[in-house]
Amino acid sequence: MNDKEIRERIERGRNFIRSFNDEAEDYYTDQQLKKPQPPLTKAAMSDQIIALPHDLADLTIENDFLKIINGRCSHRVYTMEKMSLTELSYLLWCSQGVKEIRGKSYATLRTVPCGGARHEFECYMAIQNVEGLADGLYHYLPMKHEIEMLGTRDDLKDFISASLCGQSWAAKANIVFYYSAVFYRAEWRYGIHAHVPMLMDAGHITENVYLAAESIHRGGCAIAAVDGRIADAAFGPDGEEESIFYAMPVGTIRKEDQKAEQDFYAFVKEQGL
Ligand SMILES: Cc1cc2nc3c(=O)[nH]c(=O)nc-3n(C[C@H](O)[C@H](O)[C@H](O)COP(=O)(O)O)c2cc1C
């Protein structure tokens, strides 16, 4: 790529962030035009549906809020011990759980905020070593707090690494959450202004995963470097109306691995940054 092309792509990115500055006269969104609202969530795609535990009594949850906030950090070294189905249930509830429906079926109100309560995301998972679940690919069904199994893969670890642009450390996580945007769910309400808030909304989800994981002594790391084409092909989004663009592995961790964690940033010291 030459300097001019680089400059143009950077400018395009900056303009995307500034998209609310654009004049948009005589513009009406589909909601304003009274077009039908798209479904609030994606329907199940398989008949292999698994209910998630609602009773969290089995979990030891840290409830000192400041301790959780101060303790939160990214973890990239996982010990590959088993996690429980209740832990998975807790992480999903804290990050995407549906608490209430606004109106008859206008919006879902969840454990995270979202512009216009559009909740335009779907959550897919690559799961290994979670009690009671076969290793494989799953999809969260937030309306009933269930998951569905989408399939198995012999190359699950390779898939995780390739779909996260070669970040092979993530293949030791028990759960890798993959988030897609179902674009029209937000575009119906916000049209040409839907896309910047989508990124803001996605950040709330992973922050809740960070905090929930910290509160049960598990660790994770938000990941922007996602190869959406590989992830879409595995989980089903068509890459047109729905695309996977964000991920977060979560796994079991231990204090002794702090040095290994710091090694990810050894270059800071080496390069005197
Ligand atoms: C939006 C976002 C994208 C990120 N993408 C990656 C990534 O692709 N790979 C990675 O190793 N860490 C990624 N991180 C983790 C950051 O590097 C990490 O949050 C940062 O170094 C600060 O460390 P802390 O989370 O421990 O405070 C991402 C974090 C966020 C919020």
Side-chain angles (χ1 to χ4, degrees), residues 10 13-14 16-17 19 62 64-80 91 94-96 111-115 119-126 157-181 183 186 194-232 234-235 243-273:
I10 285 182
R14 290 183 182 183
F16 167 70
I17 297 286
S19 61
E62 173 60 61
D64 181 336
F65 185 66
L66 203 52
K67 198 169 167 193
I68 297 167
I69 290 283
N70 289 335
R72 186 220 60 84
C73 64
S74 293
H75 289 274
R76 300 177 182 83
V77 181
Y78 311 117
T79 60
M80 299 183 80
L91 293 170
C94 291
S95 52
Q96 279 291 268
T111 50
V112 283
C114 183
H119 293 288
E120 59 271 25
F121 308 106
E122 293 290 324
C123 175
Y124 300 90
M125 291 152 279
K157 285 189 165 47
D158 290 343
F159 159 70
I160 291 170
S161 176
S163 64
L164 303 179
C165 301
Q167 300 188 81
S168 55
W169 52 267
K172 289 186 173 175
N174 300 67
I175 307 155
V176 182
F177 296 105
Y178 291 85
Y179 301 101
S180 74
F183 298 110
H195 307 96
V196 169
M198 267 183 218
L199 299 182
M200 300 169 182
D201 290 334
H204 303 138
I205 300 175
T206 54
E207 179 63 0
N208 271 27
V209 177
Y210 267 115
L211 296 175
E214 176 68 25
S215 75
I216 54 171
H217 311 292
R218 304 308 193 192
C221 181
I223 297 218
V226 177
D227 189 324
R229 290 159 303 184
I230 294 176
D232 286 347
F235 290 105
S243 299
I244 291 173
F245 68 102
Y246 199 15
M248 181 148 182
V250 175
T252 52
I253 53 170
R254 53 176 192 173
K255 278 210 175 74
E256 297 89 300
D257 286 327
Q258 257 170 16
K259 164 85 178 63
E261 289 282 3
Q262 283 159 6
D263 285 349
F264 279 89
Y265 284 92
F267 69 89
V268 174
K269 201 169 172 193
E270 281 159 22
Q271 296 174 21
L273 297 172

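Every number for a ligand or one of its atoms is a count from 1 in the order of the listing. Below, all heavy atoms of this structure are taken into account, side chains as well, without hydrogens, waters or symmetry copies.
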- Query: Which is it for Y178 and I160 under the side chain to side chain contact (heavy atoms under 4.5 Å, CB included) test, yes or no, and what are the steps along the way?
  - Reply: CA-CA 10 Å; Y178 291 85; I160 291 170; 4.0 Å; yes
- Item | Derivation of the side chain to side chain contact (heavy atoms under 4.5 Å, CB included) call for Y78 and D257 | CA-CA 8 Å; Y78 311 117; D257 286 327; over 6 Å; no
- Not counting sequence neighbours, list each pair that qualifies as a salt bridge (charged side-chain N to carboxylate O under 4.0 Å, His left out) and has a residue in residues 195-222. E87-R218
Hey, can you tell me if [X] and [Y] have their rings parallel, tilted or perpendicular (30° and 60° cut-offs)?
X    : Y    : result
F121 : F245 : tilted
F177 : Y179 : parallel
F159 : F235 : perpendicular

- Protein residues that have a heavy atom under 4.0 Å from any atom of ligand 1, sorted by chain and number: R72, C73, S74, R76, Q167, W169, Y210, C221, A222, I223, A224, A225, Y246, Y265
